[in-house]
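Below: the structure, in structure tokens.
Throughout, protein chains are lettered first and strands after them, A, B, ... in sequence-line order, and every chain is numbered starting at 1.
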There are 2 protein chains.
Amino acid sequence: MATNDDDIFGAAIAKLERLAKLDDQDRAAIRALPCDVRSVPANSVLVRNGEETTQCALLLGGFACRQRAAGDGGRQIVSFHLPGDIVDLQTVMLPRADHDVQTITPAKIGWMPTTALRALIRERPNVADALWCDTLIDGSIYREWVLNVGRRSARARIAHMLCEFAVRAAAGRSAPDRIQLPMTQNDIADATGLTPVHVNRMLQELDRMDVIVRDKRDIRITDWPALQRIADFDARYLHAVA
Amino acid sequence: MATNDDDIFGAAIAKLERLAKLDDQDRAAIRALPCDVRSVPANSVLVRNGEETTQCALLLGGFACRQRAAGDGGRQIVSFHLPGDIVDLQTVMLPRADHDVQTITPAKIGWMPTTALRALIRERPNVADALWCDTLIDGSIYREWVLNVGRRSARARIAHMLCEFAVRAAAGRSAPDRIQLPMTQNDIADATGLTPVHVNRMLQELDRMDVIVRDKRDIRITDWPALQRIADFDARYLHAVA
DNA sequence: CGCCCGTTTGAAATAATTCAACACCGGTGG
DNA sequence: CCACCGGTGTTGAATTATTTCAAACGGGCG
């Protein structure tokens, strides 16, 4: 079971394994999935609102975001995605996408036919459980985001986004203290429902408050408890991703 | 297959049937679900954040909302629920609740053991498909809400909430023109991330703009296209609930 | 070198909040 | 039967968080 260069499913399996018990057959079935690997530049659209899809994108490397466009041209990022995430699992059941998914860095994508995923789900109940858990956790994250943009101050929203990203990037490992943000301040603005200039000012404020220190997009969290407090962050909504 | 008084699953089955093909055995299996029916007053807590649950609540009559509490005492409603909704489906896979569910009117609830639901999902793939679709649509609605509170003006947020509620209440039937809101302006405020007084002013504004006319909580939509335009509402995110 | 993207800064404008008071209504109890 | 009461809705004025607009900076890259 050593991870070799071809084990593109490593991160994804590790993630699913945190959500449900998988046996050897389950793992083998996942590894047997046909998967077309491609490298794409930043800002590539992986899923487009309204389109019908026959392929599912597994994020193998790099970062992506899920977003909805407002009628006035504004956009709202509704989630960020890390390596190991199946970025459009809902197209397995709901073929017509209701939003966009876009890479925010250069990324490596594994494309899998939805039919193969569907078959996997029917044949491997454990995998189905894990994937269902995954969508439920996505739902939980969305709920937290509604709370975040709906009821928290600008400063708290940004702190919260940092907290979430830090613990998700840690992926089960502990104590996230340094994060390399893949997204621009503009992206943070679109994720928190704020203006880029206000995001900038709030980041400076968090810096002045000595809870983070910034070196461009490299952020060191110097006071994790304080950041959590400011953010009103309670990791339980992530359901033991940690 | 005539609906009798005991057919408490009518609304739920109708809803699932809109999401996936069900056969007679599927329907029979659903109807065979053990279900303990109770009437509860308004503001009853059905699911409490942090608690482990062994029962799932099916909303048979009345209305409920799903909400998260902010650390400062504020609350954010993240969705409303109508008769036929399984109000805490995620507890089937994720036993520990990450939010609250509360009735907003007197309601009739059918309590079902999660184990029975879990067994149903394992044995009836069609039902599993329908339920999965349902959770995916919930996710889509959450995404729309993130956009709503994150990027739209107060007026648009409230208009959007009205639009969504109107088409969901219509449940497949067309042209919703009159809706009886079950929630207070305070609830609307908590759902849109606004203040109760601002909600009040915006409702008045929509009234003055002649797109709705109000008689306490009874709202007649007099200009549906205009309301949709103001709301930036596009029903596709509801995925053919209509 | 020059250009573009992302970041930073300042000042003015505004949407929404806050606070406080009042009207209304159905229900409850004296 | 009336008086009171809490919850809901409404109004006004002052305050504030955030936006808007505009301009400048810096650094990586062709």
Side-chain angles (χ1 to χ4, degrees), chain A residues 41-43 63 65 70 72-77 102-106 148-161 180-208 212-219 230, chain B residues 41-44 63 65 70 72-77 102-106 148-162 180-208 212-219 230:
Chain A
N43 302 316
F63 295 89
C65 71
D72 66 351
R75 75 162 181 168
Q76 175 71 43
I77 293 178
Q102 198 170 358
T103 58
I104 56 182
T105 64
N148 203 39
V149 295
R151 274 283 175 254
R152 290 203 261 250
S153 68
R155 192 207 296 167
R157 289 185 212 184
I158 289 167
H160 194 279
M161 200 231 82
Q180 174 75 28
L181 291 184
M183 70 289 281
T184 66
Q185 292 182 7
N186 205 332
D187 294 329
I188 299 177
D190 284 340
T192 51
L194 297 167
T195 307
V197 335
H198 205 55
V199 168
N200 182 275
R201 296 197 240 257
M202 291 298 110
L203 282 172
Q204 289 179 50
E205 195 174 299
L206 289 175
D207 202 329
R208 257 180 282 117
I212 62 173
V213 322
R214 303 176 304 143
D215 178 21
K216 3 195 304 80
R217 299 214 197 144
D218 189 51
I219 291 192
I230 292 166
Chain B
N43 302 316
S44 307
F63 295 89
C65 72
D72 66 352
R75 76 162 181 166
Q76 175 71 43
I77 293 178
Q102 199 170 354
T103 57
I104 54 181
T105 64
N148 202 40
V149 296
R151 275 284 175 253
R152 290 204 260 252
S153 69
R155 192 207 296 168
R157 288 186 212 182
I158 289 166
H160 193 278
M161 199 231 84
L162 293 179
Q180 175 73 29
L181 291 184
M183 70 289 280
T184 66
Q185 292 183 5
N186 205 332
D187 295 330
I188 299 177
D190 284 339
T192 50
L194 297 167
T195 307
V197 337
H198 205 53
V199 168
N200 182 276
R201 295 199 241 258
M202 291 299 110
L203 283 172
Q204 290 179 50
E205 196 174 299
L206 289 175
D207 201 330
R208 256 181 282 116
I212 62 174
V213 322
R214 304 176 303 144
D215 178 22
K216 4 194 304 85
R217 300 213 195 145
D218 189 49
I219 291 192
I230 292 166

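- In this structure, A:Pro182 and A:Arg217 approach most closely via the heavy-atom pair O-NH1, 3.3 Å.
- Side chain of B:Ser153 to main chain of B:Ala156: a donor-acceptor pair is present (N/O by atom type, distance under 3.5 Å, no hydrogens or angles).
- For the atom pair CG (B:Leu206) and CD1 (B:Ile158), the distance works out to 7.0 Å, reported to the nearest 0.5 Å.
- Checking side-chain atoms of B:Ser44 against main-chain N and O of B:Thr103 turns up no donor-acceptor pair under 3.5 Å.
- Note: A:Ile230 CD1 to A:His160 NE2 = 13.0 Å, rounded to the nearest 0.5 Å.
- Scanning all heavy atoms of the two residues, the minimum distance from A:Gln102 to A:Asn43 falls at NE2-O, 3.5 Å.
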With a cut-off of 3.5 Å and sequence neighbours excluded, list every side-chain donor-acceptor pair involving residues 186-194 of chain B.
| from | atom 1 | to | atom 2 | distance (Å) |
| --- | --- | --- | --- | --- |
| B:Asp187 | OD1 | B:Arg75 | NH2 | 2.4 |
| B:Asp187 | OD2 | B:Thr184 | N | 3.1 |
| B:Asp187 | OD2 | B:Thr184 | OG1 | 3.3 |
| B:Asp190 | OD1 | A:Arg151 | NH2 | 2.8 |
| B:Asp190 | OD2 | B:Arg75 | NE | 2.6 |
| B:Thr192 | OG1 | B:Ile188 | O | 2.7 |
| B:Thr192 | OG1 | B:Ala189 | O | 3.4 |

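- Look at CG on B:Asp207: it is 14 Å from P on D:dG9, rounded to the nearest Å.
- Counting only distance, with no hydrogens or angles, the side chain of A:Arg157 and the backbone of A:Arg152 share a donor-acceptor pair below 3.5 Å.
- Here CZ of B:Arg155 is found 10.0 Å from NE2 of B:His198. Values are rounded to the nearest 0.5 Å.
- In terms of the side-chain contact (heavy atoms from CB on, under 4.5 Å) criterion, residue partners of A:Gln204 (sequence neighbours excluded) are, by chain and number, A:Asn200, A:Arg208, A:Arg214.
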Please list each protein N or O that sits under 3.5 Å from an N or O in nucleotides 2-10 of chain C, with the distance.
| from | atom 1 | to | atom 2 | distance (Å) |
| --- | --- | --- | --- | --- |
| C:dT7 | OP1 | A:Arg217 | NE | 3.3 |
| C:dT7 | OP2 | A:Gln185 | N | 2.7 |
| C:dT8 | OP2 | A:Gln185 | NE2 | 2.7 |
| C:dT8 | OP2 | A:Asn200 | ND2 | 2.2 |
| C:dT8 | OP2 | A:Arg214 | NH1 | 3.4 |
| C:dT8 | O5' | A:Asn200 | ND2 | 3.0 |
| C:dT9 | OP2 | A:Gln204 | OE1 | 2.5 |
| C:dT9 | OP2 | A:Gln204 | NE2 | 2.8 |
| C:dG10 | N7 | A:Arg201 | NH1 | 3.3 |

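- A rotation axis mapping the C1' atoms of four pairs onto the next four is fitted at both ends of the helix from C:dC1-D:dG30 to C:dG30-D:dC1 over five pairs, and the angle between these axes is 30° to 10 degrees.
- One distance of note links CD of B:Gln185 with OG1 of B:Thr195; it measures 12.5 Å at 0.5 Å rounding.
- Note: CG (B:Asp215) to P (C:dC25) measures 11 Å, nearest angstrom.
- Contacts with DNA chain C (heavy atom under 4.0 Å) in residues 148-158 of chain B: B:Ser153, B:Ala154, listed by number.
- Using a 4.0 Å cutoff on non-hydrogen atoms, the parts of residues 187-194 of chain A near DNA chain D are A:Gly193, A:Leu194, ordered by number.
- Straight-line distance from the NE2 atom of B:His198 to the P atom of D:dA13: 17 Å, rounded to whole Å.
- Counting heavy atoms from C-beta outward, B:Met183 and B:Leu181 have side chains that approach closer than 4.5 Å.
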